[in-house]
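Reading through the structure tokens given below for one structure.
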Amino acid sequence: MKAQSFIKGALIISVGGIVAKILGALYRIPLTNILGGEGMGIYQMVYPLYCLLLTLSATGIPSALCRIVSHAEAAGARSGGAVLRKALLLFSLIGAAGTALMFALAPVMSAVQREADAVFAYRMLAPSVLAVSVISCFRGYFQGKNNFLPTALSEILEQIVKISLGLFFAYTYRQNIAQAVAYCLLAVTVSEAAAALFMIVWYRISEPPYARPLYRVREEQIASRTLFRFVLPVAVAAGVLPLSNILDSIIIVNLIGRYAGNSTALYGVFSGGANTLVNLPVSVCYGLAAAVIPLVSSLYAQGMEAEAEKKIVFALKCTLFISLPAAAFLFAFPAQISALLFRSVVGEEGAWLVRLIRIMSFGAVLLSAVQTLSACLTGRGKPKIAAFSMTAAVVVKLALEFFLIRSPKISVSGAAFASIGCYFVALLVNLLYSIRDKKNLARTAFDFVRLGAIAALAVAVAYPLRSMGALVPLAVAAAVYLPLCVLLRCFSREEIGSIGRRKNYADHRRAGMRPGRSYDRRKRGDFIRR
């Protein structure tokens with residue numbers, strides 16, 4: 001029963017994440033049509049600093065709190081509420097500092113990015129840094145108590161509020177692009193505040209008040225120190241990509257600005273257009289990978305490394321199953337997709353968007369695989385390797401951008417090529433540390449070739465229908481791809497049904513090895529040491 005509830009929780013948070021990410025990615029499509037390339041350029045310029053501040057003030061809080069609360073519960077100490085209160089006090093202060101810093105840096109960042117209209121946008125988004133810090137504390141607390149529903153619902157609520165208000169503001173102020181962008185970012189702040197309020201209300205309703213203990217519990221005394229120890233490495237590692245995105249917004253605009261007058265618009269087409277499409281399959285793959293990660297972590301904890309590596313191979317196979325046909329379709333039908341989703345992006349910007357979609361289509365596979373393998377490395381307890389791989393990849397990306405974007409013939413497509421190089425380097429490093437067995441590597445290569453060939457065939461069948469737009473070829477390609485995967489038995493019955501059975505087996509095996517009170521003492525001692 002305990003294993004079933006764990007799997008159910010993983011699926012709930014995965015589905016919630018999928019829905020939220022797909023809604024967020026789809027939101028960019030009408031937003032781009034209303035704001036255009038110029039507006040999306042300003043919109044995207046603000047986000048890198050925001051994401052960096054979120055990384056420093058909020059990233060790592062859910063995982064750290066989850067671990068602390070779960071250990072406290074396992075040890076019989078009902079100190080989860082006290083840990084939550086400490087976390088809220090600590091990270092609310094850090095989040096408030098992040099809000100103040102973003103508000104103060106608005107003029108400086110706007111000047112560096114050569115976009116004076118971004119000042120108001122920065123300040124509209126600044127308060128959400130504090131709201132996200134509060135949300136992260138509650139999410140970590142509930143996940144530590146094996147309650148994943150509040151996290152999933154709050155993520156979906158965020159997107160609903162952001163989309164409804166954002167599109168309303170964008171349409172209302174469409175005559176003044178800078179003002180429209182600023183109010184769209186205000187919608188983000190309101191959505192985070194709504195999610196924070198939702199978590200507070202859920203906590204008040206669902207959690208009965210406990211009496212304060214008459215003595216100080218050991219777990220409570222080390223809560224703050226433990227929080228910092230868990231949060232800091234994860235936050236530093238996760239800050240690499242947001243920092244690189246800040247540099248992107250500066251490098252791309254300034255280098256293109258030397259020979260073109262629409263550098264902001266081209267950056268918006270790249271970041272808000274092509275990247276949005278690439279992130280759609282990546283968002284779906286995130287949810288599928290998240291459902292198998294807890295199993296990988298559990299198997300490694302028991303020393304079952306061979307079984308864990310098989311699950312990593314299976315997770316990567318699921319990722320390829322989704323990302324390969326998506327990449328093939330993006331590569332074959334960029335003009336049709338652009339005409340369907342980004343109708344307002346025309347002329348020179350529209351031509352660049354088509355070119356960027358075709359180049360970035362390869363990134364759908366690479367980034368999805370990097371995401372899955374990075375999560376698996378974290379599940380193995382080796383997040384530093386994932387951080388190292390992404391750091392090395394970002395260095396390669398920035399070097400390629402400096403070299404390629406200088407050429408007017410290459411222009412903004414140099415950023416797309418640099419992104420592909422970034423993801424490829426990260427994938428190689430992650431593969432090296434994730435899959436050691438040569439048979440598993442051979443199986444992964446075979447899965448890639450087989451699924452890639454099926455995806456290419458499905459898209460080739462649909463290609464003669466390209467004059468009918470994007471939807472008809474998409475339906476035909478899907479109607480060919482899925483039956484072929486079934487006929488060729490790309491997934492065996494054992495693979496499809498193994499996740500739940502293996503997890504139950506693992507829990508029973510662990511319970512048999514450390515029954516009763518000895519297991520409780522081990523968990524309590526492990527918590528104190530941590």
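Because the structure is a prediction, the values reported are computed rather than measured.
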Worksheet item: What do the steps show when you test L165 against S191 for side-chain contact (heavy atoms from CB on, under 4.5 Å), and what is the final call?
Response: CA-CA 9 Å; L165 283 179; S191 71; over 6 Å; no
Discussion item. For L31 and M40: C-alpha separation, side-chain torsions, deciding distance, then whether side-chain contact (heavy atoms from CB on, under 4.5 Å) applies.
Written reply: CA-CA 8 Å; L31 192 65; M40 286 306 296; 4.1 Å; yes
Worksheet entry | L167 vs Y27, side-chain contact (heavy atoms from CB on, under 4.5 Å): CA-CA, chis, key distance, verdict | CA-CA 8 Å; L167 293 179; Y27 167 60; 3.9 Å; yes
Worksheet item: Would Y481 and F321 count as a ring pair (Phe, Tyr, Trp, His ring centres under 6.0 Å) if you check the C-alpha gap in whole Å, the side-chain angles of each, and the deciding distance to 0.1 Å?
Response: CA-CA 10 Å; Y481 179 74; F321 173 74; 5.6 Å; yes
Practice prompt. Output, in order, the C-alpha distance, side-chain angles, deciding distance and verdict of side-chain contact (heavy atoms from CB on, under 4.5 Å) for I405 and S411.
Written response: CA-CA 5 Å; I405 299 178; S411 189; 5.8 Å; no
Worksheet item: Would F331 and F362 satisfy ring pair (Phe, Tyr, Trp, His ring centres under 6.0 Å), going step by step from the backbone distance to the final call?
Response: CA-CA 8 Å; F331 182 83; F362 299 97; 5.6 Å; yes
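Residues I252 and E401 form a side-chain contact, since some pair of their non-hydrogen atoms from C-beta on lies under 4.5 Å apart. S413 places a side-chain heavy atom less than 4.5 Å from the side chain of W352. Within the 4.5 Å cutoff, no side-chain heavy atoms of L441 are placed close to those of V313. Between S368 and I322 there is no side-chain heavy-atom pair separated by less than 4.5 Å. A heavy-atom distance below 4.5 Å is not found between the side chains of L341 and T276. With contacts defined as side-chain heavy-atom distances shorter than 4.5 Å, the pair K162/L23 does not qualify. The shortest distance between side-chain heavy atoms of F329 and S361 does not fall below 4.5 Å. Counting heavy atoms from C-beta outward, M360 and F270 have side chains that approach closer than 4.5 Å.
The side chain to side chain donor-acceptor pair (under 3.5 Å) check on D248 picks up K397, with sequence neighbours excluded.
L482 contributes atom CG, which lies 11.0 Å from atom CG of L487 (distance to the nearest 0.5 angstrom). Note that the CG atom of L427 and the SG atom of C422 stand 11.0 Å from one another [nearest 0.5 Å]. The OG atom of S467 sits 8.5 Å away from the CD atom of Q336 when rounded to the nearest 0.5 Å. Rounding to the nearest 0.5 Å gives a distance of 4.5 Å between CD1 of I454 and CG of L488. Here the CG-CZ distance, from N33 to F342, works out to 7.0 Å after rounding to the nearest 0.5 Å. Interatomic distance, E305 CD to I312 CD1, rounded to the nearest 0.5 Å: 9.5 Å.
A donor-acceptor pair under 3.5 Å is absent between the side-chain atoms of R355 and the main chain of A351, judged by distance alone. Although no hydrogens or angles enter the test, the distance criterion places a donor-acceptor pair under 3.5 Å between the side chain of E309 and the main chain of R436. A side-chain donor-acceptor contact under 3.5 Å links S434 to the backbone of N430. Put simply, the side chain of D437 gets close to the backbone of N440: a donor and an acceptor are under 3.5 Å apart. Side chain of S407 to backbone of L404: no donor-acceptor contact under 3.5 angstrom is found.
Of the N and O atoms on the side chains of T319 and T372, at least one donor lies less than 3.5 Å from an acceptor on the other residue. In the model, T32 has no side-chain atom that pairs as donor or acceptor with a side-chain atom of Y43 under 3.5 Å.
Residues F333 and Y463 bring their aromatic ring centres within 6.0 Å. Y47 and Y50 have their aromatic ring centers within a separation under 6.0 angstrom.
Other residues, nucleotides and ligands contribute only 12 or fewer heavy atoms inside 6.0 Å of the CZ atom of F448.
Sorted by first and then second residue, the salt bridge (charged side-chain N to carboxylate O under 4.0 Å, His left out) pairs with a member in residues 412-427 form an empty list; sequence neighbours excluded.
Residue A327 comes nearest to V365 through the heavy atom pair CB-CG2, 3.5 Å, listed as atom of the first residue, atom of the second, then distance.
Using a cut-off of 4.0 Å between Lys/Arg side-chain N and Asp/Glu carboxylate O, R139 and E158 are scored as salt-bridged.
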